[in-house]
Amino acid sequence: WYQRRVRGFCLNCNKAIQQLKKIQKFKNNYLMEQQSQTQITGSSSAGKKYNSVDELWQERNKSRWYKKGARYWNNIESTVDGVLGGFGSISRIDIAGSAAFLASILPSTENKKIVAADCGAGIGRITKELLCKIFKQVDLIDQDSKFLETAQQDLVHVNENERFKFICCGLQDFNPEPNRYDIIWIQWVIGQLQDIDFISFLQRCAAGLNENGTIIIKDNITESRFEVDEADASITRPKPLLYTLFDRSGLKIIGERQQTGFPSNLFPVFMFALQPK
């Protein structure tokens, strides 16, 4: 009897110890995440320094931030060179890199009715050169109506059976239809979103995925500090900050790859494939 009681007591102690270890591990991970984000410093193109990303967002009025970005893009020409900031020559290399990454992520599409979203679609460059060659339906989302008008004109010859839907909306307000998409492609646009809206946007995107659907983000990455461009009201983030935001959105990384072949004077560009945890 005594030995049974002792064994039972020890077993309960071991369970309690294991539970305490799990709690401590969770606490340590949380504190490390908070510390890592707090320690990420940055600066703006106007020369202002920031001790943390929280300090940046505390001083930035959300409404003014998005209005400033919208005004900037409203003054950009509806051309490949325009939407790529004067680097239209990299489009072919960009598409090739994206196609290779997408092929490594996407399962066989034969005999499947698959739907993609092109977020920050602009003039439809990615839909035209990549997505429409793979997906039966593509929804193009952009806040600039003149970009979408150009996209409609460029895609009219392949828009049989109304394959394309054009949604004029900022991503901070975009609410995907639940369980609709196999792929949500988000390229060179996440910098327009403040962190809190980026998280919310990704959470809504996750709800918009069908079973085994994937979110793909392709964007510029800084080395270690975030950089704010005052001209178009955008932020370029380092990887640790992106990892934190992905995690807070309830997403896990299932694939990551750096784009190659771009000019050395551009930011490094990375692709991330994400799925709900």
Side-chain angles (χ1 to χ4, degrees), residues 22 25-40 53-54 57 97-98 100-107 114-121 126 130-131 134-135 138-139 141 167 169-222 224 226 234-259 267-277:
K22 288 181 180 179
K25 182 178 180 181
F26 174 82
K27 182 179 178 181
N28 290 341
N29 289 341
Y30 176 80
L31 291 174
M32 287 175 64
E33 177 186 308
Q34 295 297 308
Q35 185 180 31
S36 65
Q37 181 163 352
T38 302
Q39 289 177 343
I40 295 175
V53 70
D54 289 336
W57 298 129
S98 297
F101 185 65
L102 183 58
S104 72
I105 297 298
L106 194 66
I114 51 179
V115 184
D118 184 355
C119 293
I126 297 167
L130 176 62
L131 300 180
I134 300 172
F135 298 93
V138 184
D139 294 349
I141 303 97
I167 303 170
C169 178
L171 298 187
Q172 68 274 17
D173 300 316
F174 177 54
N175 195 17
E177 178 183 330
N179 307 311
R180 174 168 173 78
Y181 300 108
D182 294 87
I183 289 289
I184 298 180
W185 191 276
I186 308 165
Q187 181 166 346
W188 281 326
V189 69
I190 62 172
Q192 304 293 153
L193 295 173
Q194 295 193 2
D195 284 358
I196 190 170
D197 293 320
F198 183 34
I199 292 171
S200 179
F201 167 64
L202 288 181
Q203 290 171 337
R204 296 194 303 275
C205 284
L209 295 173
N210 62 24
E211 187 177 4
N212 298 320
T214 304
I215 297 168
I216 295 183
I217 291 177
K218 184 172 186 177
D219 221 298
N220 300 336
I221 300 295
T222 57
S224 59
F226 64 85
S234 68
I235 178 173
T236 304
R237 301 173 173 97
K239 273 191 187 180
L241 180 52
L242 280 179
Y243 290 157
T244 296
L245 297 176
F246 295 159
D247 184 64
R248 290 185 176 182
S249 303
L251 299 171
K252 62 183 179 182
I253 299 174
I254 64 166
E256 177 181 327
R257 184 180 298 179
Q258 184 172 4
Q259 171 71 48
F267 282 115
V269 173
F270 278 80
M271 294 168 276
F272 304 93
L274 310 168
Q275 288 183 339
K277 293 179 182 178

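- Shown here are the side-chain hydrogen bond (donor to acceptor under 3.5 Å, both in side chains) partners of Lys252, two or more places apart in sequence or in another chain: there are none.
- For the pair Leu106 and Phe135, the minimum side-chain heavy-atom distance is below 4.5 Å.
- Between Asp195 atom CG and Ser200 atom OG the span is 12.5 Å, to the nearest 0.5 Å.
- Residues Ala206 and Pro276 share a closest heavy-atom pair of CB-CG, 4.1 Å.
- Residues Pro240 and Ile40 share a closest heavy-atom pair of CB-CD1, 4.0 Å.
- Take Ala121 and apply the side chain to side chain contact (heavy atoms under 4.5 Å, CB included) test, not counting sequence neighbours, and it matches Asp118, Leu140.
- The shortest side-chain heavy-atom distance between Ile217 and Leu202 falls under the 4.5 Å cut-off.
- Within the 3.5 Å criterion, the main-chain N or O of Val115 finds a donor-acceptor partner in the side chain of Asp182.
- Using a 4.5 Å heavy-atom threshold, the side chains of Leu242 and Ile190 count as touching.
- Partners of Glu177 according to the salt bridge (Lys or Arg N to Asp or Glu O under 4.0 Å) rule, which considers only residues two or more places apart in sequence or in another chain, do not exist here.
- Contact annotation: the side chain of Ile235 approaches that of Trp57 to within less than 4.5 Å [non-hydrogen atoms, C-beta and beyond].
- Nearest heavy-atom pair across Pro268 and Gln258 is CB-NE2, 3.8 Å.
- Applying the salt bridge (charged side-chain N to carboxylate O under 4.0 Å, His left out) test to every pair with at least one member in residues 268-277, sequence neighbours left out, gives these pairs: Asp247-Lys277.
- Distance OG/Ser104 to CD1/Ile254: 8.5 Å, rounded to 0.5 Å.
- Scanning both residues, Leu171 and Cys119, for their nearest heavy atoms gives CD2-CB, 3.9 Å.
- Put simply, CG on Asn220 and CD on Gln187 are 9.5 Å apart, with the number rounded to the nearest 0.5 Å.
- Contact record, Phe267 with Ile221: CD2-O, 3.9 Å, taken as the closest heavy-atom pair.
- For Ile196, the CD1 atom counts as loosely surrounded, since its 6.0 Å shell holds 12 or fewer non-hydrogen atoms of other residues, nucleotides or ligands.
- To the nearest 0.5 Å, atoms CD1 (Ile126) and CD1 (Ile186) are separated by 11.0 Å.
- Annotation: side chain of Leu209 is not in contact with side chain of Thr214 (no heavy-atom distance under 4.5 Å).
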| Audit row: Trp185, Leu130, side-chain contact (heavy atoms from CB on, under 4.5 Å) steps and yes/no | CA-CA 11 Å; Trp185 191 276; Leu130 176 62; 4.3 Å; yes
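- Ring geometry for Phe201 against Phe174 counts as tilted: the plane angle lies between 30° and 60°, on a 0 to 90° scale.
- Here Arg180 pairs with Asp139 under the side-chain hydrogen bond (donor to acceptor under 3.5 Å, both in side chains) rule; sequence neighbours left out.
- Scanning for side-chain hydrogen bond (donor to acceptor under 3.5 Å, both in side chains) contacts around Ser98 gives Lys218, with sequence neighbours left out.
- Heavy-atom minimum distance, Ile141 versus Ala117: CD1-CB, 4.0 Å.
- For the pair Phe101/Phe272, no side-chain contact is recorded, criterion being any heavy-atom separation below 4.5 Å from C-beta on.
- Atom CD1 of Ile216 is separated from atom CD of Gln275 by 10.0 Å, given to the nearest 0.5 angstrom.
- In this structure, Leu241 CG and Thr222 OG1 are separated by 8.0 Å, a value rounded to the nearest 0.5 Å.
- In this structure, Asp219 does not pair ionically with Arg237, as no charged nitrogen and carboxylate oxygen lie closer than 4.0 Å.
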